[in-house]
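This report concerns only the one structure given below.
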Amino acid sequence: MTMGLLLDFFLVILALAAGWWTIGAKDSFGAAVAFVAYGLVLALIWVRIAAPDVALTEAAIGAGLTGGMLIGASTRLESAKQATRAGGVTRRLAIALSALVAAALALAVLGLPHPPPSLAAAAMAALPPTGLGNPVTGVLLAYRAVDTLLEKVVLILALLGTWSLAPDRLWGGRPGRKERRNAASPLTLLGQVLPPIGIVIGLHILWVGANEPGGAFQGGTILAAMWMLAVMAGLVDVPAISRTWLRLLVVAGPGLFLIVGLAGFVVAGGFLAYPPGFAKPLILLVEVVLTLSVAAILLLLLAGPPEREPPR
Amino acid sequence: MSESLLVAAPALPLVLAVACLWRPLREWAGGLLILAPVPALAAALVVRRSSVVTLQHGLVPITFALDVPGAMLLGVSALLWIAAGAYACLRRCGQPLGGQAVVCWLLTLCGSVGVFIAADMASFFMAYALVSLPAWGLVVLDDTERAHRAGAIYVAFAVLGETLLLIGFALLAAAGDSLLIRDALAALPHSPWRGMTLALLIAGFGMKIALIPLHVWMPPTYRAAPISVAAVLSGAAVKAGVIGLIRFLPLGTVLPGAGEALAAVGLFGAFYGVAIGVTQEHPKTILAYSSVSQMGVIAAVLGMGLGAGDGGAATAVAFYGAQHVLVKGALFLAVGVAATNSRRQLWRVIVPAAVLALGLGGLPLTGGALAKLAVKGVLGGGIVGMLANLSAAASTLLMIHFVHRLAGSSAVEDAAGGRELALPWLLLAAAAVAIPWLLFPLATGGSRLAALHPVSIWASLWPVLIGAGLALLRRQFERRLPRFPEGDLLALGKYAMPAAMRIGEASERLEAGLSRWPVASLLLLAAALLLGGGILIAR
Amino acid sequence: MNAEVLFGLAGAVLAGLGLYGLVADPAPLRKLLAFNLLGGGVFLVFGVVARRGAAAGLGGDPVPQALVITGLVVAFAATALAVALLRLLFERTGQTLLDTAAQERTSPDQADG
Amino acid sequence: MMAPALPDMPTAGGFLLVLAIMLPIAGVLLQFMLGGRQAERIALLVMPAGLAVAVAVTAALMLSGRPLVYHLGNLAPPLGLALRADGFSALMLMTTALIVSAIGLFARADFATPTGTVEARAPFVFWTLLLALWGALAVVFLGQDLFTLYVGLELLTFGAVPLVSLDGRAETLTAALRYLLFALFGSALFLAGTVLFYGEYGTLDIALLATRTHPDTTSAIAVAMMTAGLLAKTALFPFHLWLPPAHAGAPAPASALLSSLVVKGPFFLVVRLWFGAMPGLTDLPAAQLLGALGAGAVLFGSVLALCQPRLKPLIAYSTVAQLGYLFLMFPLAGGVGLPASVRMAVWTGGAVQAVSHAFAKAAMFAGAGLIGQALGHDRISGLRGVGRALPVTTFAVAFAGLSLMGLPPSGGFMAKWLLVRASIATAQWWWAALVFAGGLLAGGYIFRIIAPALSAPEKPLPAIRTPARRREVVVLALALISVLLGVVPFGLTTLLAVGNPTIAHIVPR
Amino acid sequence: MSLVRDILTVLSVTAGAFFFLAGTVGLLRFPDTLTRLHALTKADNLGLGLVVLGLALQTWSGPAVLKLAVVWLLALFSGATVAQLIAHRARDDRPGE
């Protein structure tokens, strides 16, 4: 146990150091790199506190996607005019107030009750009818399904918001610039070899999500990463945003989820209720389609607003 | 049946106002202006006193009732509205009035009628707002720089008055836990906020009746408004404040402090109005200062009534006010009519106008003399009564000055309109003479003969004579009189402007600071900590 | 001192670091990084809450764990939208400052059609 | 203190709540998929349906006198999620449905897909986000779970931010970015509080929390953080830095939605938190702090509105000011021994203020849009003569102004009257003085618009593009509703008492 | 038997950790991009391989060993590619060549 605590202590030091670096780094690029490190350390911490599903998500989203996106942004904005640093008084006040709020938060955490309240038992008790083995997936797709559904709508709105920044003339066009394919580039090789393996792994993570750590979002992230890799290697191009199949792909997941939910009114006596015996297949079906939608949305979010003329 | 007239009286103008949004109807607007006040007049004549109508709609029931003071003021106001309406459309020489004019006129009329019959606070407040705010659209009708300046001042004071009243009414309603004026008033003497309530109500209504120093809006407004508008505003609309004080001051209860304070302010205003008025040039401005003075007398009477717990003051004041409605309305129209006459025929206007004007000073046998007689009892014979007599002398002085200016400055208004303009004016002038005689017994319970008694005649004559003497004196010192701008104290506003600008600039500087990200976000953190602290401290 | 307390305090400190960056760093991109840092801290506290609720043979309460997953996705969506805005702002103006536009709100005639 | 009530059981008709949320959401998905002109058509189709659902919810509440409750997936809280509509929710839902529909009709001219194009950027984004905002608000008004509400708030932010920068000018981009970042700041704080609540009570369901919460250190910190986060999102003074540029910079129909509805979402949650999840907080000094910030908003926002040279920023600062009145609810509804009639007055006053401001502000911004389009600018100094050119619009703006000033018979008046009465009854007359000052200042800034608009132009106006009569009528209708709310309160007290145990017992049914 | 496995695991993982450490020291101490890459890729690929080997000895079940092998191979492959990309970039950026 002490050995474990020592490891935890080490991880906390690492996380704090990465956090400190993220805030204190001289340039944005350094800060973004530090943030990726922070995300990875956090992922390890999640493993330490018995939350492997969160660890996977943190690694994929927190460190991977968010980090990658911020690193990309920091290189793009390198030449941005730098604002003057906040004045000494501001900084001192900021330090004082942030520290006070953090102290309050710490105080609140220390004041959490014993024995702690928990829904773990309730979540396990409600799991058999869904046919799932992983209670986290149960929470995400059955008990609190509406959160998950709305979260997908949040993603779609973020995508719409990103697209809305395109100039009118380029509306409907392809995001990003065309990557040139270069047969000699190692990236091309990577783009050819890795995606098939990645897709298998992504689907595997989705599939095991029903019973073990993993699930739609983590799987979708890997698929999106593979797609992005192929795009970067110039093997495929990002589709034009006016493509009907693309739009369909984006809304298919939440759409199907919604339809299944509404069908619950008829067949299971309630919105987002699953008919007994069909719960697991339905949930898996929803998850598969969600994974595809998530992959598409993530790719498009990474690709940004349309930058090329729409197809005629 | 006759009670339905009580509903029709405010409803007809409102309905017509809404209907006038439809353009073709506005072609007949002139007729509408004359027609709209007719139910109110009928109601004043035929509806039984103490009849109550309650409409049970909405959040609060709307209650209308008619008592003697209300009926008197309602009737004469309706008459003035008819006459002024006729004047307004005759003056346009057959051209249609603008939509803004018609709608604002009708809305103001609706409010003007409503305040006299409203028996609950909600509908009274509503009517009071109607009589105050849409009138802004009438004040600025001439669309001149002067009109807009006056309009801005007018609306500022109207809104200020409304807001004071809102809080006053809220206090009153809280005291009585009822929205009926009668119930709320009955509870007022026991209210813990009695002083505050009275102060707010007097200040709010004082704004309307131009109680010093809240009078500054009145001269520029009347000066800038078209003749017919000035007539209804000075005659009818101002009486919303009078009826407000009648309705909301607990006149049956002895409240010496408040009453005497009100009386003192009122009497001061009665002289102050004259003092500034005699330095003015324009007849409309002089009439405005006369209103300041006359309303001061009314406030004094109410104050004495309040101090003595004299419930009869209400009727006396209403009678005094009714007389003022007709006279002041007729005098404003006279300014307009005078402008249409050539200098040689001017006497046809001047003579009747002079009689009416001197009536305000209490010339024997006029309505003014009757009015002064009616309030004499309330004022008493002491120093207050004496001061009231002296104020009559002062009024005479001011009115002689008015007639003088009226004769000396024909064509002060543009001389549109023909001879037929005189018709509504003459009608009103005749009413101003006759109606006080009709109402006198109703108001005082006494006989008309009392007014014909030589003692009474002398009592009202000597102030007039003194006033005439003062007028001669004034002519002697004409050149040496100081000149005050319209709205006298308003000139102090120019010192307030830079202060207001400084507040604005300071706020903009503050905003520039607050809209900086670090400032706002630090404040957010501070707020979070304070909120947490605020919850924990109390634990 | 046990692991939960340790991680809980770490979460609070990380949140404080994030708050400081969000308040004091003038560059929007750094604010965005700080927001994500702050989010990480808050999620970590949630993780501690989940860990404390370990029961029924589970290493942690699955409900907060699931909520963290949803929260991470939402935070990512926010980051994506903000980055897109930042990039466009940079392309248009060559800078990404938040405070100048507000304080120089004097340009009189930017009529909104 | 609120009597501890048992968590609500699902009621008949609860499915309406699902529809109220999912109808717009389904619309968003369809719009995104079909795109182009279909986006507008779908929005126009969803409007009557959503309106009907809102009416049905309100009617169900009025008839049964009980709140509607639905358990999603037939699973009760704490493990499952509940939706619940009490009187206040139904009122806000109804307001949202009406305003979204009105603004939808109004915006058709601004956001028509041009002929010859399959899909244009601004129309597609606007129509989709219109329904998205509707769905998000429905979540905020009906959600019972703090985390679902968090997701709803994010949905609201993500729907609102792109609307701010819809025209793509650099200033609006900056405004959108400020809005987004500050809103995210608020989200993080809200989330931190949510976490603590779960850690302490093992549930996030508001009805369950109401029976479990006690004001210990952790809860106090949690509530403080959540409240601060919500204040950032609702732009209460002095956290309003993002609001004026965002609301003044967005296209007129979008500004109308943002100013009238979107800022009410977080406010609604503060009410939920303080009166629902943790009853008893309003007795504490913290409630006075909220009231004080509200007072600052009223005074400061109004003074700045008086200083603005242009119409839309003026209206935006007026929103900052008017939001302040809403926060008077907190100090006024406190007090352990407070009579139910006073609570009633506070609730009704707050609700009427929220609703009438929503209608008035929607009318104001829409009217400002028409004026701006007609004149080609929105400088206040150049408004002379607009009254002649656009009489209906000017009339509507004046009417809406009446409500903002709180003059009778408007809804704003009714709200202020009730708040003043409550402040007298609770012997906190300083709030009455604030209402007094706020009314005067509002009178000032409304007068600054109306007076020049009604005067004759100095020189003949350049060619005015007269808006379609239909659009003017929509603006007028919005303004009239805000005024009529004071006269015809539509059974408001009865509705507001539904599901509000502090006042339910005194309302006659 | 299991004792032998444990000993092998400890040796293997320790050796792996040593290579990681060496690679990291190289990353920090070497003067330019190419030499740093040199230190990092070699040492890390070998280090990860040794760690994976140690872990595989512990699990000793088919699928798990397979997964570990896949992890190592993917890391090798992507590490190699990324090193190539960085090296290209470093060469292109080097001034005066």
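Note that the structure is a prediction, hence the values are computed from the model and not measured. Lettering of chains follows the sequences in order, A, B, ..., and the numbering in each one begins at 1.
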I'd like to verify something: which residue of [options] has the highest number of heavy-atom pairs under 4.5 Å with chain A?
{"options": "C/Leu33, C/Leu88, C/Leu19", "answer": "C/Leu33"}
{"options": "C/Ala54, C/Gly21, C/Ala66, C/Ala82", "answer": "C/Ala66"}
{"options": "C/Ala55, C/Ala50, C/Gly11, C/Gly18", "answer": "C/Ala55"}
{"options": "C/Ala34, C/Gly60, C/Gly40", "answer": "C/Gly40"}
{"options": "C/Gly8, C/Ala10, C/Gly47", "answer": "C/Gly47"}
{"options": "C/Val83, C/Leu86, C/Thr70", "answer": "C/Thr70"}

Among the options [options], pick out the one with the most heavy-atom pairs lying under 4.5 Å from chain C.
{"options": "A/Ala122, A/Gly19, A/Pro115, A/Ala123", "result": "A/Gly19"}
{"options": "A/Ala51, A/Ser74, A/Pro305, A/Gly304", "result": "A/Ala51"}
{"options": "A/Leu107, A/Leu155, A/Leu93", "result": "A/Leu155"}
{"options": "A/Leu159, A/Leu298, A/Ile95, A/Thr221", "result": "A/Ile95"}
{"options": "A/Val154, A/Leu301, A/Leu70", "result": "A/Leu70"}
{"options": "A/Lys152, A/Gln218, A/Met124", "result": "A/Met124"}

If I take atom [atom1] from residue [X] and atom [atom2] from residue [Y], how far apart are they, to the nearest 0.5 angstrom?
{"X": "A/Leu65", "Y": "C/Phe76", "atom1": "CG", "atom2": "CZ", "value": "4.5 Å"}
{"X": "C/Asn36", "Y": "A/Ile61", "atom1": "CG", "atom2": "CD1", "value": "11.0 Å"}
{"X": "A/Ser28", "Y": "C/Leu32", "atom1": "OG", "atom2": "CG", "value": "11.0 Å"}
{"X": "C/Leu17", "Y": "A/Tyr38", "atom1": "CG", "atom2": "OH", "value": "8.5 Å"}
{"X": "C/Ile69", "Y": "A/Thr57", "atom1": "CD1", "atom2": "OG1", "value": "4.0 Å"}
{"X": "C/Leu14", "Y": "A/Leu16", "atom1": "CG", "atom2": "CG", "value": "5.0 Å"}

For [X], is it the side chain, the backbone, both, or neither that has a heavy atom closer than 4.5 Å to a heavy atom of chain C?
{"X": "A/Pro117", "value": "backbone"}
{"X": "A/Thr90", "value": "neither"}
{"X": "A/Leu42", "value": "side chain"}
{"X": "A/Val136", "value": "both"}
{"X": "A/Leu165", "value": "both"}
{"X": "A/Trp20", "value": "both"}
{"X": "A/Ala31", "value": "both"}
{"X": "A/Glu58", "value": "both"}
{"X": "A/Pro175", "value": "neither"}
{"X": "A/Ala125", "value": "neither"}

| request: Might you work through the side chain to side chain contact (heavy atoms under 4.5 Å, CB included) test for C/Val23 and A/Leu97, ending with a clear yes or no? | output: CA-CA 10 Å; C/Val23 171; A/Leu97 289 180; over 6 Å; no
With side chain to side chain contact (heavy atoms under 4.5 Å, CB included) as the test, would you mind laying out the steps for C/Tyr20 and A/Arg91 before giving the verdict? CA-CA 8 Å; C/Tyr20 169 75; A/Arg91 267 183 298 144; 3.2 Å; yes
Closest non-hydrogen atoms of C/Gly53 and A/Ala120, given as atom of the first, atom of the second and distance, are O-CB, 3.7 Å
Check: Where is the tightest heavy-atom contact between C/Ala24 and A/Ala94, given as atom of each residue plus distance?
Finding: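 Nearest pair, atom of C/Ala24 first, then A/Ala94: CB-CB, 4.0 Å.
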Could you tell me whether a side-chain N or O of [X] sits under 3.5 Å from a main-chain N or O of [Y], the two making a donor and an acceptor?
{"X": "C/Arg52", "Y": "A/Pro113", "value": "yes"}
{"X": "C/Asp61", "Y": "A/Leu119", "value": "yes"}
{"X": "C/Arg30", "Y": "A/Ile23", "value": "yes"}
{"X": "C/Gln65", "Y": "A/Pro52", "value": "no"}

May I ask you to test the [X]-[Y] pair for a side-chain heavy-atom distance under 4.5 Å?
{"X": "C/Leu67", "Y": "A/Asp147", "value": "yes"}
{"X": "A/Val109", "Y": "C/Glu4", "value": "no"}
{"X": "A/Val12", "Y": "C/Leu9", "value": "no"}
{"X": "C/Leu44", "Y": "A/Ile49", "value": "yes"}

Margin query: Let's go through A/Thr162 and C/Leu81 carefully: what are the C-alpha distance in whole Å and the side-chain angles of both, what is the deciding distance for side chain to side chain contact (heavy atoms under 4.5 Å, CB included) to 0.1 Å, and is it a yes or a no?
Written below: CA-CA 6 Å; A/Thr162 306; C/Leu81 184 58; 4.1 Å; yes
At a heavy-atom separation under 4.5 Å, does [X] approach chain A through its side chain, its backbone, both, or neither?
{"X": "C/Leu22", "value": "neither"}
{"X": "C/Ala15", "value": "side chain"}
{"X": "C/Val45", "value": "side chain"}

**Message:** Under the criterion side chain to side chain contact (heavy atoms under 4.5 Å, CB included), I'd like the reasoning laid out for A/Val54 against C/Phe43: C-alpha separation, chi angles, the key distance, then a yes or no.
**Reply:** CA-CA 10 Å; A/Val54 186; C/Phe43 289 137; over 6 Å; no
